[in-house]
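Note that the numbering runs from 1 along the sequence shown for the chain.
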Amino acid sequence: MSMYTQLLDAAYGERPRPLEEGTAVAEVLRCRFQLEERVPPGLDPDAVPVVLALQVGYDVALLGLARLVGVETDPTRFEQPQRERERLEQALRDRGIRLEVPIAEESSADA
């Protein structure tokens with residue numbers, strides 16, 4: 001098991017499980033937004049820990065949503081994190097769950 005999968009497994013084991021799909025989708029969207037928008041510049045000495053924390057947060061949320069809607073996955077499948085993220089994102093899209101909507105647009109669409 002890689003260091004990343006160990007970190008992910010520990011983080012996933014510590015989080016409360018979402019009870020509703022809507023709550024889980026909102027968490028994934030929030031984490032994805034943070035990952036895409038809040039990555040510090042590459043020269044920032046804190047970049048690696050920050051990016052790692054954002055990736056783990058997104059993957060934990062993605063795991064929770066995927067398992068909630070019946071997509072088979074677990075932290076050990078993240079040996080190649082980007083590949084498993086893409087697989088889960090596609091599986092969720094196949095179930096009609098959109099993850100590409102920025103959180104600000106999602107909020108205004110609900111109003």
Side-chain angles (χ1 to χ4, degrees):
M1 186 183 284
S2 73
M3 186 183 308
Y4 185 80
T5 58
Q6 290 174 356
L7 287 170
L8 183 59
D9 188 44
Y12 185 70
E14 293 294 318
R15 76 184 280 280
R17 303 291 187 257
L19 300 176
E20 297 179 355
E21 184 178 320
T23 303
V25 169
E27 180 182 11
V28 169
L29 288 172
R30 180 184 56 77
C31 290
R32 184 178 180 137
F33 175 79
Q34 288 176 340
L35 181 60
E36 291 175 355
E37 300 298 323
R38 298 201 177 131
V39 175
L43 299 176
D44 183 337
D46 295 325
V48 171
V50 170
V51 172
L52 180 60
L54 292 171
Q55 287 176 343
V56 169
Y58 178 63
D59 291 342
V60 164
L62 198 57
L63 275 163
L65 174 59
R67 292 182 88 181
L68 186 66
V69 299
V71 176
E72 189 174 322
T73 189
D74 65 69
T76 62
R77 293 187 73 152
F78 280 79
E79 286 291 330
Q80 295 181 345
Q82 190 58 39
R83 181 179 288 174
E84 182 63 3
R85 276 182 211 119
E86 290 169 0
R87 185 188 75 81
L88 292 177
E89 290 165 351
Q90 183 60 53
L92 293 168
R93 277 192 297 274
D94 291 347
R95 286 170 171 73
I97 299 171
R98 293 180 14 183
L99 301 178
E100 292 77 22
V101 178
I103 203 162
E105 286 184 29
E106 184 73 16
S107 297
S108 64
D110 292 339

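Of all heavy-atom pairs between A61 and V28, the closest is O-CG2, 3.3 Å. Listed here is the closest heavy atom pair of Y58 and C31: CA-CB, 3.7 Å. Here the shortest heavy-atom pairing between M1 and E79 reads CA-OE2, 3.5 Å.
With sequence neighbours excluded, the residues that form a salt bridge (Lys or Arg N to Asp or Glu O under 4.0 Å) with E27 are R15. Partners of R85 according to the salt bridge (Lys or Arg N to Asp or Glu O under 4.0 Å) rule, which considers only residues two or more places apart in sequence or in another chain, are D59. Applying the side chain to side chain donor-acceptor pair (under 3.5 Å) test to E86 and every residue at least two apart in sequence or in another chain returns Q82. By the salt bridge (Lys or Arg N to Asp or Glu O under 4.0 Å) test, R87 pairs with E84, sequence neighbours left out. Looking at residues two or more places apart in sequence or on another chain, you find no side chain to side chain donor-acceptor pair (under 3.5 Å) involving Q6.
Linking Ile, Leu, Val, Met, Phe, Trp and Tyr residues whenever their side-chain heavy atoms come within less than 4.5 Å leaves L68 and Y12 in two separate clusters.
In this structure, the side chains of L63 and L8 come closer than 4.5 Å at one or more pairs of heavy atoms. Looking only at side-chain heavy atoms (C-beta outward), V25 and R98 stay at 4.5 Å or farther from each other. Inter-residue side-chain proximity for L99 and R93 is flagged as unmet; no heavy-atom pair is nearer than 4.5 Å.
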- Task: Check the pair T73, F78 against side chain to side chain contact (heavy atoms under 4.5 Å, CB included), reporting the backbone distance first and the verdict last.
- Result: CA-CA 9 Å; T73 189; F78 280 79; 4.2 Å; yes
- Would you sort out whether Y4 and Q55 count as a side chain to side chain contact (heavy atoms under 4.5 Å, CB included), showing the intermediate values? CA-CA 10 Å; Y4 185 80; Q55 287 176 343; 3.8 Å; yes
- Does the side chain to side chain contact (heavy atoms under 4.5 Å, CB included) test come out yes or no for L62 and L92, once each step is laid out? CA-CA 9 Å; L62 198 57; L92 293 168; 3.7 Å; yes
- Verdict with supporting geometry, V71 and R95, side chain to side chain contact (heavy atoms under 4.5 Å, CB included): CA-CA 10 Å; V71 176; R95 286 170 171 73; 3.4 Å; yes
- Query: Stepwise, does the salt bridge (Lys or Arg N to Asp or Glu O under 4.0 Å) test hold for R32 with E37?
  - Reply: CA-CA 8 Å; R32 184 178 180 137; E37 300 298 323; over 6 Å; no
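A donor-acceptor pair under 3.5 Å is absent between the side-chain atoms of Q34 and the main chain of L54, judged by distance alone.
More than 12 non-hydrogen atoms from other residues, nucleotides or ligands lie less than 6.0 angstrom from CD of Q90.
Note that CG of L88 is 11.0 Å distant from CD1 of I97, once rounded to the nearest 0.5 Å.
Pairs of residues two or more places apart, or lying in two chains, never qualify as salt bridge (charged side-chain N to carboxylate O under 4.0 Å, His left out) while including a residue from residues 62-72.
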